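Data block below; observations after.
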Amino acid sequence: MKPLIAAATVALSMMEPALAADATATTAASELQITRARTRGINPGPADWFTGTVKVEMLYTPVGAEHASAGNVTFSPGARTAWHSHPLGQTLVVTAGIGRVQRWGGPLEEIRVGDVVHIPAHVKHWHGAAPDWMEQVSNEQYRAELN
Ligand code: MN
């Protein structure tokens, strides 16, 4: 597997309202729930949902009457979702790299760090990383004297 180059890898924080599963479900209502960085599972994106190498880290899922979930999804260069839609819409926040997004019948859009994309409910779309690879960093370049 080729090493990833940060500039060509895109990481999206994806927030999606969730359909109400069970509004009557409750948890220990007064307890804070903290999941520490680097303790959550990171799983490969399923092949029937994605093309290319994709890593998915769920940040949170709805609890009780809540209606939102969020995940960090990292797309290697050229990786992308299948065409899909979300019943309650989706918001993408680009946290690293350069990506692409397109709605069905719309223009291909480039998205960069800090860009926020709101995808309305039921709008068919895809999103993923830009395809570009930059050249490898040579050993000579990597080991050069620091300034
Ligand atoms: Mn989507």
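Computation of the quantities below employed the complete heavy-atom set of this structure, encompassing side-chain atoms and omitting hydrogens, waters and symmetry-equivalent molecules. Since this is a predicted model, take the numbers as computed values, not measurements. Atoms within each ligand, like the ligands themselves, are counted from 1 in listed order.
Counted within 6.0 Å of CG on Asn147, heavy atoms from surrounding residues, nucleotides or ligands total 12 or fewer; the atom is thus considered open. Counting heavy-atom neighbours within 6.0 Å of Arg40 CZ, excluding the residue itself, gives a total above 12.
For the Mn ion (ligand 1), the N/O/S atoms of Gln90 include one lying under 2.8 Å.
Between the side chain of Gln102 and the main chain of Gly106, a donor-acceptor pair closer than 3.5 Å is present.
Seen from the Mn ion (ligand 1), atom NE2 of His127 and atom NE2 of His125 lie 100° apart in angle, a value rounded to 10°.
Restricting His86 to its N/O/S atoms, the shortest distance to the Mn ion (ligand 1) is reached by NE2.
Of the residues listed (Ile119, Val73, Val117), the one engaging His127 in a side-chain contact (heavy atoms from CB on, under 4.5 Å) is Ile119, and it is the only one.
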